[in-house]
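Read the structure below first, then the notes.
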Amino acid sequence: MALSIPFGVMDFFRGVKQINIAWYLAFTDIGSRYHRTALGPLWVVVAQGVWVLGLGYVQSQVFHVDFSKMTIYLAAGLPVWVFLTANVTDGAAALLRAKGMVTSFPLPLSLYPIGKMLEQMILLFHQMIIFVVACLLYRFVPNWRIIEFIPALLIVSVGMLGLNLGLGVLGARFRDVRPALASLMTLGFVVTPVFWFTESVGRHSLIVKYNPFYYMLELMRAPLMGVTPPLEIWVTSSLLSAVFLVSGLWAFASTRKTVVSWL
Amino acid sequence: MTAPFPPPKHASVASPVSLNGHASIELLHASVWLPVFAQAQQISLFAGLAKTLSMGRIARNGGGALYVNPLNGVSLSINEGERVGLVGRNGAGKTTLLKLLAGVHHASSGRVQINGSVASLLEIGGGMDLERTGLQNIEYVTRLLGFDKRERARIRDEIVEFAELGQFIALPVRTYSAGMMTRLSFGLATARPKDILVLDEVIGAGDAFFIEKAGDRIRSLVQQARIMVLATHSADILVNFCNRAVWVDQGVIRADGDPAEVWHLYMNSEPA
């Protein structure tokens with residue numbers, strides 16, 4: 001295994017170098033997902049819109065908040081949450097899905113997890129159409145702080161890439177990982193302030209303080225809502241991303257030579 | 001000769017490098033151990049049985065994980081201009097050997113040195129999207145292989161001509177017959193001449209006309225001082241395509257030499 005690490009790291013860098021092929025993989029995967037459907041990838045937008053409106057209405061009733069405020073909050077937060085969840089659950093299948101391709105194309109193996117992360121990024125931008133629609137409908141004008149969304153997305157994406165690499169290997173070896181993560185992320189949706197406000201429990205509540213997805217969600221959502229995320233959020237998210245990337249790359253690199261026989 | 005068990009740490013394995021015109025394959029005592037994952041009860045049920053039947057080619061390590069040993073200390077040296085045919089019974093290790101050459105699997109012990117770029121066709125239709133048309137799949141595969149726009153157009157025309165799929169090229173590949181898939185896959189695998197061509201038992205599904213055409217293509221590829229390794233169960237394909245035969249049996253090489261002679265030895269061997 002010791003000799004596998006440099007080989008695996010090299011594989012990763014070769015994958016990064018061929019990122020244009022990873023983009024192509026990402027786009028075609030999205031295309032084939034909606035093959036022969038009339039709306040195509042627009043289904044993502046429709047599904048998201050239904051969620052935002054339905055949940056927005058229920059929440060505005062429960063919490064007695066303004067419906068438009070709730071809708072915009074959800075339209076900003078839900079796509080980000082889906083981005084995080086999808087990277088975790090689909091990440092565990094990032095290598096499994098590539099099974100047929102691994103024996104057929106002489107591509108670096110890391111290209112598949114990289115492509116999966118890019119695929120989620122494309123879907124994120126897709127779903128943010130709902131945010132734009134919500135802003136237009138309720139005349140919400142985001143301020144200049146929205147540009148902070150770009151560095152926020154970059155920071156989170158690095159971590160998501162690490163998750164795809166690491167969970168891809170783990171999910172190939174242990175098939176229980178994916179269903180386990182799926183159920184965990186369902187719970188995560190409830191525990192993370194996606195459809196409720198952090199102020200309701202306070203920043204120091206355990207479910208917020210020790211929830212890595214809270215930091216990443218807040219980092220990406222706050223700029224959309226016109227607020228600069230606090231420094232603590234920037235720092236914690238960056239650290240989390242670094243930890244995800246390093247541990248994911250380590251898992252990928254140290255199993256690079258054996259992982260194909262697990263698929 | 002038995003390979004060390006449990007599988008040792010990975011030995012040195014060179015990654016394929018392209019050297020213009022100097023292609024070679026060098027295997028030195030290469031062994032492959034592959035883990036087998038199944039339900040826990042299933043393993044304990046068939047492991048004991050499998051161990052006796054396989055004469056030691058299936059084993060467990062200390063932790064109880066099950067391993068198969070499809071290649072057991074193979075030494076093989078292939079040089080430019082050689083068209084090698086692998087023969088042997090089902091489960092002899094032919095495909096694993098090809099996957100080792102294609103860089104899919106890695107040796108658990110021993111040395112593997114491959115000089116030259118490798119093109120492989122291990123699975124018909126592998127990596128293709130069945131819902132997409134022949135043309136879309138050609139575009140897809142050539143994009144993944146990193147060809148630029150002009151090369152892609154040239155390769156597309158070439159494959160359409162070579163595969164003789166006619167109108168079918170515009171239909172989803174799920175409508176293709178096995179032979180049509182073979183034509184398309186083979187055309188793609190040989191789209192750009194590589195130094196080393198690795199083919200699993202795939203040509204057989206084509207009709208006689210295709211086999212002749214494929215033979216011409218392989219011969220023209222090999223004429224450019226390159227290497228081909230294919231696995232086959234057909235004496236015809238072996239004699240017509242290859243100038244060297246290797247008989248693989250239970251993970252080791254039993255015979256190596258002239259195709260007709262090796263085939264004769266193989267056919268007259270005692271069934272294991």
Side-chain angles (χ1 to χ4, degrees), chain A residues 1-11 13-15 17-37 96-109 111-112 115 171-177 253-263, chain B residues 7-16 32-39 65 67-68 70 95-96 98-99 102-108 117-132 136-137 139-148 172 174 185 188-189 194 196 198 200:
Chain A
M1 216 178 244
L3 273 155
S4 183
I5 289 181
F7 178 74
V9 173
M10 224 169 67
D11 181 294
F13 285 115
R14 282 197 298 138
K17 227 189 239 171
Q18 288 173 275
I19 196 148
N20 55 330
I21 296 182
W23 276 112
Y24 178 69
L25 267 178
F27 275 108
T28 44
D29 273 5
I30 291 178
S32 32
R33 228 192 258 207
Y34 297 97
H35 198 85
R36 289 165 71 183
T37 57
L96 283 176
R97 287 233 184 105
K99 187 181 179 175
M101 308 177 74
V102 171
T103 45
S104 303
F105 306 123
L107 295 172
L109 193 66
L111 211 58
Y112 304 104
R173 174 64 185 84
F174 303 101
R175 301 298 164 97
D176 300 276
V177 167
S254 58
T255 54
R256 168 62 187 87
K257 279 181 181 169
T258 30
V259 71
V260 176
S261 59
W262 298 342
L263 297 179
Chain B
K9 303 290 182 201
H10 281 290
S12 68
V13 179
S15 57
V32 174
W33 286 95
L34 297 175
V36 181
F37 299 112
Q39 299 292 345
Y67 281 84
V68 288
T95 300
T96 307
L98 294 176
K99 283 187 172 171
V104 176
H105 286 326
H106 297 266
S108 317
S117 55
V118 183
S120 63
L121 178 55
L122 299 172
E123 206 181 313
I124 294 183
M128 285 194 202
D129 184 343
L130 296 181
E131 285 291 333
R132 289 165 191 273
Q136 284 172 331
N137 271 298
E139 170 74 10
Y140 180 60
V141 173
T142 49
R143 277 288 280 267
L144 290 186
L145 295 179
F147 292 106
D148 65 33
R174 68 186 149 84
S185 298
L188 278 168
K194 294 277 183 138
I196 299 165
V198 175
D200 205 348

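Residue numbers begin at 1 in each chain, while the letters A, B, ... track the order of the sequences.
Rounding to the nearest 0.5 angstrom, the gap separating the CG atom in Asp200(B) from the OG1 atom in Thr103(A) is 10.0 Å. To the nearest 0.5 angstrom, Leu107(A) atom CG is 7.0 Å from Leu145(B) atom CG. With values rounded to the nearest 0.5 angstrom, Ser32(A) atom OG is found 11.0 Å from Leu130(B) atom CG.
Among His105(B), Gln136(B), Arg132(B), the residue with the largest count of heavy-atom pairs under 4.5 Å with chain A is Arg132(B). Between chain B and the residues Gln18(A), Lys99(A), Met101(A), the most heavy-atom pairs under 4.5 angstrom are made by Met101(A). Most heavy-atom pairs under 4.5 Å with chain B, from the set Val260(A), Val102(A), Leu109(A), Asn20(A): that is Val260(A).
Between Tyr24(A) and Tyr140(B), the two ring planes are tilted [angle within 30° to 60°].
In this structure, Phe27(A) places its CZ atom where only 12 or fewer heavy-atom neighbours from other residues, nucleotides or ligands lie under 6.0 Å away.
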